[in-house]
Amino acid sequence: MPLELDLPPAKKFKPGSPLFALNKKPGMLLPRTGISSVPIEVQRKHLPIYQARTQLINRLRQLQSTILIGETGSGKTTQIPQYLYEAGIGRQGIVAITQPRRVAAISLAARVSEEKKSELGKLVGYTVRFEDVTSAETKVKFMTDGMLLREALGDRLLQRYSVVILDEAHERTLHTDVLFGVIKNAQERRKDKFPLKVIIMSATMDVDLFSQYFNNAPVLYLEGRQHSIQIFYTKQTQSDYLQAALISVFQIHQEAPSSHDILVFLTGQEEIEAMARTCRDIAKHLPDSCPQMTVVPLYASLPYMQQMKVFHVAAKGCRKVILSTNIAETSITIPGIKFVIDTGMVKAKRYNPDSGLEVLAVQRISKAQAWQRTGRAGREDSGVCYRLYTEEEFEKFNSMTVPEIQRCNLASVILQLLALRVPNVLAFDFISKPSPDSIRAAIEQLDLLGAVEQKDNQVILTALGKKMASFPLEPKFSKAILLSPEFHCTEEVLTIVSLLSVDSVLYNPPNRRDEVHSARRKFISSEGDHMTLLSIYRAFKNVNANKDWCRENFVNSRNMALVTEIRSQLRDICLKLGMTLESSRMDTGNVRRCLAHGLFMNAAELQPDGSYLALDSHQPVAIHPSSVFFNSKPSYVIYNELLHTSKCYMRDLCLVDAEWLHQAAPEYFRRKLRVVKS
DNA sequence: GAGCACTGC
């Protein structure tokens, strides 16, 4: 194996252009969280942001909308809410700080609460799904962006809040993007009565967009505590990024001290596991002069305990090499990374509103993502980033990742906007507009589900649509739940919808395939994946959620626990809506009939040649290998979703009668599907 | 005939 790659030294990278300068003293570096012998008040004063405190408070007092750009480690997220509170700004209400992720909301609340020397849930609290740690005293509230959006459904002016801080706005999550519009609207309508202060916090991106959106709001810059990172580009275009990554890993491995860990960004589970095997193989055959190597894979579907291995410090004389998906870009921060190897690739979903198809494909990252990856090398000390592409290639990357709202199905978002009584969803003030086609496709889908109707050229919610909006679910699943009383199977549908709301309750370790197969056989239903999941859930309840049972049956107990929580939340909503909850017991026909009424748009028909055609788009589709139907050929099926990878796969299938589909949406099937004979 | 980036309500 040739271990050389043309990696010329490139420019030094120092992100951002700070407005509030600060001398850097590396020796004074303090931990962001965790145990420290330094008193907390002292720690607060050593944060880069502290020197700008007075200026900041004065500016924030005057301004109604502010864009705050802060580098990693500036302390903006923990300090700004406290500064506001200490200065008496917004004391008439609550200061809300949104986060894209639950763990961030929870740990930030815990940290700030500790800094304020108060009990979590009193002055400082948090609200995430299933957990509300706040009280009447709470003045500083961390929450997920989705949670604030859900609260807005009940109070679209967000009257409890005096300040809303949208943190990590550059990530442009679906929820943050919708919140932009909701908050701007609330701010406008509240300006004479109870003004709403808005602070948008972001990394060094999208500044102009944010500022323009809030009527040219001023932009304040904060310096952080990022260390300098050297960047290397390849001299030539790499045709095989995996090979290039492998070479880079071992080049570093042979040259750098063994305590310097390496983080490699790859695209998916399979690729990572294959690369891990190759790395371990090569490492075994290196000369004794070379350090040892421990290879750690990291991706979301990995069980929790195995994910935790990235935090284990490697033994002395041993180098840790982490092979990760983009989960290490934002969600998991690994300390001690000296080298980042960036392949420049990512696996991501793209959405085509014409076909309604989501395509999962390996593609180029954006510049913003490249910087994010690079930044992972300089968190505690200076670092090095090897970019496995040329500088010319980098210059051609898109500058920003396309916001989620422009690459997903908008049915839920549009339903929420309608529930927020947005008069004309096509004209909603999105910070980045989705295409009119995808908005129209969403309205059409809601129309088919009976959630909306046209009145005087306006799209408005029906009574059913209003109820649908109260569930934290995709509209098709809310619809199935709301129809379930007609089929006397609400308990079963609640269970199934909850099971479909989590990643997967099935654990499939690749090297124990035969065991998995035989353990699972007893649950398999000839009626499809939904019914199979239902029987697994019933068995799980019968053994009182026993963990050993889960292990023996290759059931992910953590996800199963989550299913239980989701189910009880959905059940509560049903009860609030006054629904009667019945069980169909052994009658699974009714359950499938009910599912057909929610998922009729996702139906496929067996063709004479043994292939399947989607009834909606008439495109060829295939049964996903994870389905219990993989080796059989039912005539008509409904599926949860289509996933385009190597083929267009249907995931999670349920056997249905053609007749049920027609009953569910007679008009739709008459219009769309002449192919199907009644 | 053979496979699943990442969040969140």
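Chain naming here is simple, since letters A, B, ... match the order of the sequence lines and numbering starts at 1 in each. None of these values were measured; they are calculated from a predicted model. Side-chain atoms are counted along with the backbone in the values below, which use heavy atoms only and exclude waters and symmetry mates.
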Engineer: Assess whether atom NZ of A:Lys466 is packed by more than 12 heavy atoms of other residues, nucleotides or ligands within 6.0 Å.
Structural biologist: no

Engineer: Write down the distance between CD (A:Glu171) and C1' (B:dA5), rounded to a whole number of angstrom.
Structural biologist: 14 Å

Engineer: State whether the number of non-hydrogen atoms from other residues, nucleotides or ligands found under 6.0 Å of A:Phe130 atom CZ is greater than 12.
Structural biologist: yes

Engineer: Using a 4.0 Å heavy-atom cut-off across all strands, classify A:Ile327 as base, sugar-phosphate, or nothing.
Structural biologist: sugar-phosphate

Engineer: Centroid distance below 5.5 Å plus an interplanar angle below 30 degrees: do A:Phe630 and B:dG1 meet both conditions?
Structural biologist: yes

Engineer: In this structure, how many angstroms lie between the P atom of B:dG3 and the CG atom of A:Asp503, rounded?
Structural biologist: 19 Å

Engineer: Measure from CG on A:Leu506 to C1' on B:dG3 and round the result to the nearest Å.
Structural biologist: 14 Å

Engineer: Can you tell which of B:dG1, B:dG3, B:dC9 lies closest to the side chain of A:His175?
Structural biologist: B:dC9

Engineer: Under 4.0 Å: is that the gap between some side-chain N or O of A:Tyr649 and OP1 or OP2 of B:dG3?
Structural biologist: yes

Engineer: Which part of the nucleic acid does A:Ser646 contact within heavy-atom distance under 4.0 Å: base, sugar-phosphate only, or nothing?
Structural biologist: sugar-phosphate

Engineer: How about A:Phe430 and A:Phe180: are their ring centres within less than 6.0 Å of each other?
Structural biologist: no

Engineer: Counting the atoms with a prime plus P, OP1 and OP2 as sugar-phosphate, which does A:Glu329 contact under 4.0 Å by heavy atoms, base, sugar-phosphate, or nothing?
Structural biologist: nothing

Engineer: Counting only side-chain N and O atoms of A:Arg102, is one of them less than 4.0 Å from OP1 or OP2 of B:dC9?
Structural biologist: yes

Engineer: Nearest whole angstrom, please: distance from the C1' of B:dC9 to the CG of A:Asp145.
Structural biologist: 10 Å

Engineer: Tell me which residues in residues 512-520 of chain A put a heavy atom below 4.0 Å from DNA chain B, sorted by number, or none.
Structural biologist: A:Arg513

Engineer: Ignoring hydrogens and geometry, is there a side-chain-to-backbone donor-acceptor pair from A:Thr138 to A:Gly121 under 3.5 Å?
Structural biologist: yes

Engineer: OP1 or OP2 of B:dC9 versus the side-chain N and O atoms of A:Thr144: is any pair under 4.0 Å?
Structural biologist: yes

Engineer: So does A:Asp529 pair up with A:Arg651, basic N to acidic O under 4.0 Å?
Structural biologist: no

Engineer: Give A:Arg101 one of three labels, base, sugar-phosphate or nothing, depending on what nucleic acid heavy atoms sit under 4.0 Å from its own.
Structural biologist: sugar-phosphate

Engineer: Is A:Phe471 touching bases, backbone alone, or none of the nucleic acid, heavy atoms closer than 4.0 Å?
Structural biologist: nothing

Engineer: Would you say that more than 12 heavy atoms from the other residues, nucleotides or ligands in this model lie under 6.0 Å from the CZ of A:Arg129, or not?
Structural biologist: yes

Engineer: Would you mind reading off the distance between A:Tyr126 atom OH and B:dC9 atom P, rounded to a whole angstrom?
Structural biologist: 12 Å

Engineer: Nearest to the side chain of A:Leu360, which nucleotide is it out of B:dC9, B:dA5, B:dA2?
Structural biologist: B:dA5

Engineer: Within the structure shown, what part of the strands sits under 4.0 Å from A:Thr325 by heavy-atom distance: base, sugar-phosphate, or nothing?
Structural biologist: sugar-phosphate

Engineer: Taking atom CD as the centre, does A:Glu270 end up with more than 12 heavy-atom neighbours from other residues, nucleotides or ligands that are less than 6.0 angstrom away?
Structural biologist: no

Engineer: Counting only heavy atoms from other residues, nucleotides and ligands, does the tally under 6.0 Å from CG of A:Asp155 exceed 12?
Structural biologist: yes

Engineer: Would you indicate what A:Asn631 reaches in the nucleic acid, counting non-hydrogen atoms under 4.0 angstrom: base, sugar-phosphate, or nothing?
Structural biologist: base

Engineer: With respect to the side chain of A:Pro625, which nucleotide from B:dT7, B:dG3, B:dG8 is positioned closest?
Structural biologist: B:dG3

